[in-house]
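See structure below.
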There are 2 protein chains.
Amino acid sequence: MPRALSPAQVEDFRERLCAAAEHLFAEHGPEAVTMRQLAAELGVSPMTPYRYFKDKDDILAAVRAAGFGRFAQAMEAAFHGEPDPVKRSEAVGRAYARFALEQPDAYRLMFDLSQPNEADYPELVAASSRARDMLIGQAKGMVDAGQIEGDPVLIAHMLWAALHGGLVLQLAGKLGPSIDPSALRRNTFQAILKGLAKG
Amino acid sequence: MPRALSPAQVEDFRERLCAAAEHLFAEHGPEAVTMRQLAAELGVSPMTPYRYFKDKDDILAAVRAAGFGRFAQAMEAAFHGEPDPVKRSEAVGRAYARFALEQPDAYRLMFDLSQPNEADYPELVAASSRARDMLIGQAKGMVDAGQIEGDPVLIAHMLWAALHGGLVLQLAGKLGPSIDPSALRRNTFQAILKGLAKG
DNA sequence: CACCTATATTTTACGTCGTAAACTTATATC
DNA sequence: GATATAAGTTTACGACGTAAAATATAGGTG
């Protein structure tokens with residue numbers, strides 16, 4: 001075939017494979033999806049994906065990084081769509097929860113414990129940091145607006161931990177039967193802000 | 001061999017296999033551990049474990065249930081070791097965090113998303129509920145003591161979500177480099193309690 | 001004691017997996 | 001048009017989970 005593949009063609013193949021992988025990973029879990037299935041999905045032979053990805057873990061890392069990209073994007077959109085710093089924090093929080101609940105499998109993949117060592121995939125580390133920086137910037141805005149006091153980085157992590165914790169317990173089916181997950185999130189968010197209020 | 005295996009012998013084999021499985025799952029992740037390895041660890045042939053467990057998922061469920069058992073036990077010990085309701089809440093919280101950090105692999109296994117459907121394993125559901133009820137009882141104590149107000153079930157879940165969220169982010173390596181995980185837990189806990197304080 | 005039967009355990013076997021290596025195919029250059 | 005080179009396929013290997021068949025061992029019975 002041609003002497004070389006254009007970078008655009010390479011990127012195209014990678015993206016098509018990631019799209020297929022995301023669907024299948026979501027439906028059956030990454031372990032249950034085989035390289036042979038992924039290849040068949042693109043209509044190529046089982047070994048062809050190995051030209052574009054090192055191995056299966058490499059595909060998983062790419063899918064996770066893409067998830068973090070969309071995740072950060074969703075929160076950034078909420079951030080820029082709301083000028084008031086207080087409403088803004090709620091908007092970003094809602095965007096966070098909406099992403100986790102509308103794309104639970106992506107969220108699962110992104111934050112699942114016991115994934116292959118993510119330090120081996122710089123692209124994944126970068127995408128993940130982008131999402132975290134988004135949350136920190138958001139907390140900075142709240143502190144600057146004078147509503148609450150404290151270290152914005154710490155505050156961002158407090159709100160993040162509370163939000164994330166509620167969401168993963170919900171996704172793992174661990175919440176008690178009488179608990180309304182969205183009320184849980186709202187109450188926790190408000191309690192923390194009240195606890196951090198100035199004075 | 002004998003006409004039948006005594007229940008005690010069956011239980012003994014199951015426990016020995018779970019102990020070996022817990023170690024190996026912890027070190028390499030459940031997917032990386034093979035039935036052949038587990039059998040070899042007990043010095044039996046690869047098919048022998050199938051007499052005592054339905055399949056590999058059944059072993060995983062048993063290991064997870066055992067983890068929840070020890071988890072609830074650790075918190076119950078902290079609870080009964082401290083009569084004052086306020087200090088008690090901190091003691092239980094510390095016991096929770098200590099368990100997660102000292103037995104991170106057990107904790108990972110217990111709360112990991114994308115595990116096989118846990119509803120298929122009643123023993124696992126029961127063990128998991130026991131841990132949750134422990135946390136709810138603890139919150140009830142705080143409300144009854146008059147320090148805070150609100151629905152104890154909701155409050156238990158708020159504190160649980162915040163604690164769990166901070167711990168899984170820590171275990172997943174997602175916390176920012178400047179964050180002290182234990183300070184994060186303390187601050188979040190206190191902010192929520194302050195936010196829920198009466199008046 | 002010898003023998004039979006029921007069951008604990010092992011052996012064998014099958015289909016599937018991830019992927020290494022060899023092979024095939026098709027152009028871009030000379 | 002021959003050739004080098006890279007894209008894609010085929011073949012092959014060792015390991016996996018586990019079903020089925022084979023084996024071995026302990027009673028109960030004559």
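A, B, ... follow the sequence lines: proteins, then strands. Residue 1 opens every chain.
Between B:Gln37 and B:Ala32, the closest heavy-atom pair is NE2-O, 3.8 Å. The two residues A:Leu171 and A:Arg108 come nearest to each other via the heavy atoms O-NH1, 3.7 Å. Taking each heavy atom of B:Ala156 and B:Leu135 in turn, the nearest pair found is CB-O, 3.6 Å.
In the hydrophobic clustering of this structure, A:Val10 groups with A:Leu17; members are Ile, Leu, Val, Met, Phe, Trp, Tyr whose side-chain heavy atoms approach within less than 4.5 Å, directly or through other members. Both B:Met158 and A:Leu169 belong to a single network of hydrophobic side chains, linked directly or stepwise wherever heavy atoms of I, L, V, M, F, W or Y lie under 4.5 Å apart. Cluster annotation: A:Leu113 and B:Leu101 are assigned to the same hydrophobic cluster (Ile/Leu/Val/Met/Phe/Trp/Tyr, side-chain heavy-atom contacts under 4.5 Å, transitive).
DNA chain D lies under 4.0 Å from no heavy atom of any residue of residues 15-23 of chain A. Remark: B:Val33, B:Thr34, B:Met35, B:Arg36 in residues 32-39 of chain B come within less than 4.0 Å of DNA chain D through at least one heavy atom. For DNA chain D, the neighbouring residues in residues 41-63 of chain A, judged by any heavy atom under 4.0 Å, are A:Val44, A:Ser45, A:Met47, A:Thr48, A:Arg51, A:Tyr52.
The stretch residues 121-141 of chain A participates, sequence neighbours left out, in these salt bridge (charged side-chain N to carboxylate O under 4.0 Å, His left out) pairs: A:Glu76-A:Arg130. Pairs passing the ring pair (Phe, Tyr, Trp, His ring centres under 6.0 Å) check and including a residue from residues 48-75 of chain B, sequence neighbours excluded, read B:Phe13-B:Tyr52, B:Phe68-B:Phe111, B:Phe71-B:Tyr96, B:Phe71-B:Phe99. The stretch residues 4-16 of chain B participates, sequence neighbours left out, in these salt bridge (charged side-chain N to carboxylate O under 4.0 Å, His left out) pairs: B:Asp12-B:Arg16.
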For the pair A:Arg94 and A:Glu82, evaluate salt bridge (Lys or Arg N to Asp or Glu O under 4.0 Å) and give the outcome as yes or no after the intermediate values. CA-CA 12 Å; A:Arg94 268 196 305 275; A:Glu82 177 56 64; over 6 Å; no
